[in-house]
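As the structure is a computational prediction, the values presented were derived from the model and not from experiment. A note on names: the letters A, B, ... follow the listed sequences, proteins ahead of strands, and every chain is numbered from 1.
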Amino acid sequence: MLDLKFVRNNIDLLKEKLLQRGSDLSLDEFIAVDGERRKIIQDVEDLRNRRNFVSKEVGRLKKEGQKAEHLMEETRVVKDRIKEMETVLEEKESALSAIILSVPNIPHPGVPIGKDSSDNPVAKRWGDIRQFDFEPRSHWDIGEELGILDFERGAKISGARFTLYKGLGAQLERALINFMLDLHASRHHYTEVWPPFIVNDTSMTATGQLPKFKEDLFKLEGRDYYLIPTAEVPVTNIHRDEVLEEKELPKRYVAYSACFRAEAGSYGKDTRGLIRQHQFNKVELVKFTTPETSYLELENLLLDAEEVLQQLGLPYQVVELCTGDLGFSAAKTYDIEVWLPGQGTFREISSCSNFEDFQARRANIRFRRSGKTKTELVHTLNGSGVAIGRTVVAILENYQQTDGGVVIPPVLRPYLMGKARIEKSA
RNA sequence: GGAGAGAUGACCGAGUAGGCCGAAGGUGCUCGCCUGCUAAGCGAGUGUAGGGGGAAACCUCUACCGAGGGUUCGAAUCCCUCUCUCUCCGCCA
């Protein structure tokens, strides 16, 4: 959410920025409703002022033993009038908040201007792409043949976009979760948390999933509960409605969670394999920072996520999202894309964003500078560190062997009882 | 699921025979004084949001004592509903 006054005073700038994002949102309605609202506020407050004043008079007169009937009658009338006006005011306020909640964040000035993902510049590349002396296969073929991924039974148990992991497949998933949590918690000094995977709609609104992206979420029937699409939601909400001390910042958290996404509107996309699932695992990094350090912290967050892939020996590239590809709440985003030989392409495995104060304003997360009484909004950041399922995909495809086996990256072996390969089991 | 207690500012905590309460007191924090360091002491300041005015410091108005409704001329204080927390009982990974 953007600041109301900022929007009011920067309509033209905002229109330009929205256009860069490819948003056709018109702000004319905002201007109209905002004006009406302020007019009504004045009227209501004048009436309330009158009521308060007269009530005090009544109290004073009564104390002196005088009659105050005529004044009491006046407030009765004023009261009804106030009630009418308040109803109108409520309508305007909810209309205004609906508008302001649907306005996306403003891209950081450094963000490249572009239409869609094809305009995202590559910021860096890491690792050598392996040259195969055979035709590299896709992870779904490798996984099924090794008996570690069972797509048919996943579909039987639940439906499309659900997968059953078996044996070393299940253990590999678990090993990756532990490896990433350990790396970030011990080496990168994030505080490890284990959040709820179900949250209420206040939390969803705070991070920006609601009200605009309801169709992407799984909601529990008859309850104000949603399955989280990412640990970003519960972890960012840890400090909702809190005032932090400047010296506590930056706060860094790492969390594992299962993630649930309805994937409405992506029918036909990535229908095979693990790439796009309704349920997947992810290790997420979240930071709360001061405004002046958030972009430095974004660079560090990106490096922390990159190190996961470096240690696993998986080649990747980092792209900078252009204005047209930027997510709703983000001011700046880097995507890390891992190389998938089976697909012959780079695929997103992590997304690292600075939301500046966009989420903090919705979530009311503030901090106080030492020596100051005023509070300010913190900046929030998050990034995948990284997506587990897609890491499995990358390992299977990058480390596949001629005989159909898969070599396990050395850093993971301690997590898999020393095992060095996944072989076809009899 | 049953019975009871509670929800007040960054934090702790007064305030329920309705008006003088945006709210005592304390802690914390900031500034100043004082003590040759440290500790202690003294004085002052210190909520949020919105509207109006001002170049600005700031002034002014309105709202907010878990949320929403009600009673009343007037509610943190009375009534109703909901949410959450705690204690006891039951059930249960």
Practice prompt. Examine B:G51: is either OP1 or OP2 under 4.0 Å from a nitrogen or oxygen in the side chain of A:R8? Give yes or no.
Written response: yes
Worksheet item: So what does A:K39 hit on the nucleic acid, given a heavy-atom distance under 4.0 Å: a base, only sugar-phosphate, or nothing?
Response: nothing
Discussion item. Which nucleotide, if any, forms a Watson-Crick or G-U wobble pair with B:U77, using both distances under 3.5 Å?
Written reply: none
Worksheet item: For B:U62, what is the paired nucleotide under Watson-Crick or G-U wobble rules, both distances under 3.5 Å?
Response: B:A49
Worksheet item: A:R37 has a side chain; which of B:G50, B:G19, B:U48 sits nearest to it?
Response: B:G50
Discussion item. Is A:R76 close enough to B:C73 that one of its side-chain N or O atoms is under 4.0 Å from OP1 or OP2 there?
Written reply: yes
Discussion item. Under 3.5 Å for both donor-acceptor distances, Watson-Crick or wobble: does B:G4 have a partner, and if so which one?
Written reply: B:C86
Worksheet item: Phosphate oxygens OP1/OP2 of B:A10: is one of them under 4.0 Å from a side-chain N or O of A:R369?
Response: no
Fill in: Options B:G50, B:U48, B:A10, nucleotide nearest the side-chain atoms of A:T375
B:U48
Worksheet item: Is there a side-chain polar atom (N or O) of A:N49 under 4.0 Å from OP1 or OP2 of B:U62?
Response: yes
Worksheet item: For atom C1', what is the distance between B:G68 and B:U83, given to the nearest Å?
Response: 10 Å
Discussion item. On the nucleotide B:G52, are OP1 or OP2 found under 4.0 Å from the side-chain N or O atoms that A:R38 carries?
Written reply: yes
Worksheet item: Quick one: is A:K63 getting a side-chain N or O under 4.0 Å of the B:G18 phosphate, OP1 or OP2?
Response: no
Fill in: Distance-only polar pair, side chains of A:E284 and A:Y190, donor-acceptor under 3.5 Å
no
Practice prompt. Identify whether any heavy atom of A:I41 sits under 4.0 Å from a base atom; if not, whether one sits that close to sugar-phosphate; answer base, sugar-phosphate or nothing.
Written response: sugar-phosphate
Worksheet item: Think A:N52 has a side-chain N or O under 4.0 angstrom from the OP1 or OP2 of B:A63?
Response: yes
Item to complete: Return the nucleotide paired to B:A55: Watson-Crick means purine N1 to pyrimidine N3 with N6-O4 or O6-N4, wobble means G-U with N1-O2 and O6-N3, both under 3.5 Å.
Response: none
Item to complete: Indicate, with a heavy-atom threshold strictly under 4.0 Å, whether A:R361 touches base, sugar-phosphate, or nothing.
Response: nothing
Practice prompt. Quick one: look up who B:G32 pairs with, Watson-Crick or G-U, both distances under 3.5 Å, and put none if it's unpaired.
Written response: B:C42
